[in-house]
Amino acid sequence: MPAHTFQSSNALTGTIRVPGDKSISHRSLMFASLAVGESTIQGLLEGEDVLATASAMRQLGAYIERDDAGTWHVHGAGLGSLLEPKQALDMGNSGTSTRLLMGLLASHGFNATFTGDASLSGRPMNRVIEPLSQMGASFEASQGGTLPLMLRGAAPAVPITYRLPVASAQVKSAVLLAGLNTPGITSVIEPVATRDHTERMLTGFGATLEIGEQNGERLISIHGEADLKPQHVIVPGDPSSAAFFMVAALIIPGSDIVIENVGMNDTRAGIVHALRQMGGRVEELDQREVGGEPVADLRVRHSALTGADIDPALVPSMVDEFPVLFVAAALAEGTTRTTGLEELRVKESDRIATMAAALSLAGADVEEHEDGLTIRGTGGEPLRGTAKGASVETKLDHRIAMSMAVAGLVSRDGVSVDDTAPIATSFPTFMDLLSGAAG
Ligand code: S3P
């Protein structure tokens, strides 16, 4: 468990590039593995979560290699020709790998066992087990519907129409991926729009999808037994990784940075709106399209932030960014209230409780509610930091580690974080980029 103390930092300046989008990286490996022929992927996130997806797809029969220039080459076996894995699929810390692959394998006629680390093994899988069981798959899960679990796929599976009981792109994607190898049309009704990378990318790979509206809800239908065609995928930078540098630049006096090539898909860009609402100066330069996704370079300057009531309607488009938004709120003038965050309790950690404890330990004024936090900010004064000998608990959660690292950059005594290892799941270059930008 590498502990680290993050000390008050110089202004952040210069130009940085964050690694590829995690959601798009997972999907590019999975979909390329289902296309017959060679796909190439540029800008793939080489974090542990995505590497877990790569090794699972290899176990299922795909050929996946990285060349010296950093391009990934994937030779797919074709939909329906995946092989039964000989060993358990070890999903590490990655909920996305697990839930999307459970969907994909639910319509293949073999068994697969999924395992994961202590964090992943505590996360709810019933949300995917339920619709996938309706499609004909069966499951033997650990108590409470958790990993380790065994899946018995159905061949053929039965198409369903499923209305999402929680706003979750992972559940939506699991059902759509099960629908890929299911005869007929499988549909998902989404009361609240969540990230749409699965829909965009499957269309790009040649699947037939219809996206419409029904009584104000999104209706997504996929035609089964699709033929996917190999693609050249370019992965844009991850807005969820960029968010740590956005907040750091906003709260460290004198900062002025450009974060290049950040994905600005509407279903992901909520953090930019929330930070602007708080008075953050975030400018989008050179708006363009990369690999079918809107992208911009973001210029972010130190700003006098003010507290705000964050609209719960923004939650799905910034669901992973609340830990670092809480840090911005802790440095803002006045009170920030967040609500509608129940889903944060079932992420890599319970992010409401973990951030409440971590920020309080670092001297912030935080009140925890069932569905969010109320934070009274310092008005720009540095946080006290953690006391000597104390360190915040990251609970195997990369976003807690990085958020509290950012908090440490504006603290009097520094913020000690008990374990920085989880950062490698999503942002292996985080520490280097941080020291570079502050240098
Ligand atoms: C993701 C969906 C979100 C998000 C996760 C990535 C995806 O999870 O938190 O980091 O790639 O589909 P939920 O679907 O559980 O909200």
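All values below come from the heavy atoms of this structure, side chains included, with hydrogens, waters and symmetry mates left out. As the structure is a computational prediction, the values presented were derived from the model and not from experiment. Counting from 1, the numbers follow the sequence of the chain as shown.
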Got a second to check how far Asn181's CG is from Leu79's CG, nearest 0.5 Å? 4.0 Å
Pair Glu210-His223, side-chain donor/acceptor within less than 3.5 Å: yes
Where the side chain of Arg301 meets the backbone of Glu283, is there a donor-acceptor pair that is under 3.5 Å apart? no
Evaluate the criterion side chain to side chain contact (heavy atoms under 4.5 Å, CB included) for residue pair Glu84 and His108; output intermediate values, then yes/no. CA-CA 9 Å; Glu84 179 165 70; His108 285 74; over 6 Å; no
Side-chain heavy atoms of Leu275 within contact of Leu250, under 4.5 Å: yes
In short, side-chain hydrogen bond (donor to acceptor under 3.5 Å, both in side chains) pairs touching residues 132-160 with sequence neighbours left out are Glu140-Arg152
Does Glu393 CD have over 12 foreign heavy atoms under 6.0 Å away? no
In sequence, state the C-alpha distance, the side-chain angles, and the governing distance for Lys22 and Glu48, and then conclude on salt bridge (Lys or Arg N to Asp or Glu O under 4.0 Å). CA-CA 10 Å; Lys22 182 151 75 74; Glu48 289 167 3; over 6 Å; no
Which heavy atom in Gly116 sits nearest to a heavy atom in Asp90, and how many Å separate them? CA-OD1, 4.1 Å
Within this structure, what is the CE-CZ distance for the pair Met125 and Phe139, rounded to the nearest 0.5 Å? 11.0 Å
What pair of heavy atoms forms the shortest contact from Thr194 to Ser168, and how long is it? CG2-N, 3.7 Å
Considering the options Asp320, Asp238, Asp266, which one meets the salt bridge (Lys or Arg N to Asp or Glu O under 4.0 Å) requirement together with Arg195? Asp320
As a quick check of understanding, evaluate side chain to side chain contact (heavy atoms under 4.5 Å, CB included) for His75 and Ser33, giving each step before the final call. CA-CA 6 Å; His75 293 257; Ser33 298; over 6 Å; no
Looking only at heavy atoms, the pair that brings Ala157 and Thr182 closest together is O-CG2, 3.2 Å
Within the 4.5 Å heavy-atom criterion, are Glu368 and Met355 side-chain neighbours or not? no
Main-chain N/O of Val346 paired with Arg123 side-chain donor or acceptor, under 3.5 Å: yes
Going through the distances and angles, do Leu60 and Leu83 end up as a side chain to side chain contact (heavy atoms under 4.5 Å, CB included)? CA-CA 5 Å; Leu60 294 162; Leu83 305 174; 5.8 Å; no
Compare every heavy atom of Arg351 with every heavy atom of Pro323, then report the nearest pair and how far apart it is. CG-CD, 3.7 Å
Could you tell me which residues satisfy salt bridge (charged side-chain N to carboxylate O under 4.0 Å, His left out) with Glu190, sequence neighbours excluded, listed by chain and number? Lys172, Arg218
To the nearest 0.5 Å, how far apart are CG in Leu209 and OG1 in Thr203? 4.5 Å
Dump the intermediate steps for side chain to side chain contact (heavy atoms under 4.5 Å, CB included) on Thr15 and Ile257, then the final yes or no. CA-CA 6 Å; Thr15 298; Ile257 58 164; over 6 Å; no
Has Asn93 got a side-chain atom pairing as donor or acceptor with Leu396's backbone, closer than 3.5 angstrom? yes
Verify whether one side chain among Thr339 and His369 offers a donor that lies under 3.5 Å from an acceptor in the other. no
Describe, in one word, how the ring planes of Phe244 and Phe427 are oriented to each other, choosing from parallel (under 30°), tilted (30 to 60°) and perpendicular (over 60°). tilted
If we only count heavy atoms from C-beta on, is the Leu373 to Phe322 side-chain gap below 4.5 Å? no
One should read off an interatomic distance between Ile129 CD1 and Arg99 CZ, to the nearest 0.5 angstrom, of 10.0 Å
Would you check if the side chain of Ser39 reaches a backbone N or O of Gln231 as a donor-acceptor pair within less than 3.5 Å? yes
Decide yes or no on salt bridge (Lys or Arg N to Asp or Glu O under 4.0 Å) for Glu348 and Lys395, but give the supporting numbers first. CA-CA 8 Å; Glu348 285 82 332; Lys395 309 243 181 202; over 6 Å; no
Side-chain heavy-atom pair Leu298, Met264 within 4.5 angstrom cut-off: yes
Going through the distances and angles, do Glu293 and His197 end up as a side-chain hydrogen bond (donor to acceptor under 3.5 Å, both in side chains)? CA-CA 9 Å; Glu293 292 275 350; His197 307 301; 3.0 Å; yes
Between Pro316 and Ala193 the two heavy atoms that sit nearest each other are CB-O, 3.5 Å
Judged by modelled atom types alone, do Ser349 and Thr354 share a side-chain donor-acceptor pair under 3.5 Å? yes
Flag the pair Leu219 / Glu213 as yes when at least one side-chain heavy-atom distance between them is below 4.5 Å, and no otherwise. no
A quick test of your reading: do over 12 heavy atoms of other residues, nucleotides or ligands sit less than 6.0 Å from CG of Asp309? yes
Just one of His26, Arg27, Gln170 clears the side chain to side chain donor-acceptor pair (under 3.5 Å) bar with Thr198, so which one? Arg27
Donor-acceptor pair, Thr98 side chain versus Ser94 backbone, under 3.5 Å? yes
Separation between CG (Leu149) and CG (Asn126), nearest 0.5 Å, reads 9.5 Å
Using only heavy-atom distances, determine whether the side chains of Ser240 and Arg268 contain a donor-acceptor pair under 3.5 Å. yes
Taking Asp297 for its side chain and Asn261 for its backbone only, find out whether a donor-acceptor pair lies under 3.5 Å. yes
Test your reading of the model: is there a side-chain donor-acceptor pair from Thr420 to the backbone of Pro2, 3.5 Å cut-off? yes
Closest heavy-atom contact between Ala329 and Met278? CA-CE, 3.8 Å
Thr40/His73 under side-chain hydrogen bond (donor to acceptor under 3.5 Å, both in side chains): CA gap, chis, key distance, verdict: CA-CA 5 Å; Thr40 53; His73 299 258; over 6 Å; no
Treating Thr186 as the side-chain partner and Leu176 as the backbone partner, does any N or O pair qualify as donor plus acceptor under 3.5 Å? no
Stepwise, does the salt bridge (Lys or Arg N to Asp or Glu O under 4.0 Å) test hold for Arg276 with Glu284? CA-CA 12 Å; Arg276 282 187 185 142; Glu284 286 162 65; 2.8 Å; yes
Would you compute the distance between atom OG of Ser187 and atom CD1 of Ile185 and round it to the nearest 0.5 angstrom? 6.5 Å
Apply the test salt bridge (Lys or Arg N to Asp or Glu O under 4.0 Å) to residues Glu260 and Arg299: give CA-CA distance (whole Å), side-chain angles for both, the deciding distance (0.1 Å), then the verdict. CA-CA 9 Å; Glu260 287 182 336; Arg299 180 179 179 198; over 6 Å; no
Exercise: do Trp72 and Glu46 side chains pair donor with acceptor under 3.5 Å: yes
Under 3.5 Å: donor-acceptor pair, side chain of Gln59, backbone of Gln87: yes
Val392 side chain reached by Asp418 side chain, heavy atoms, under 4.5 Å: no
Side-chain (Ser81) to main-chain (Gly78) donor-acceptor, under 3.5 angstrom: yes
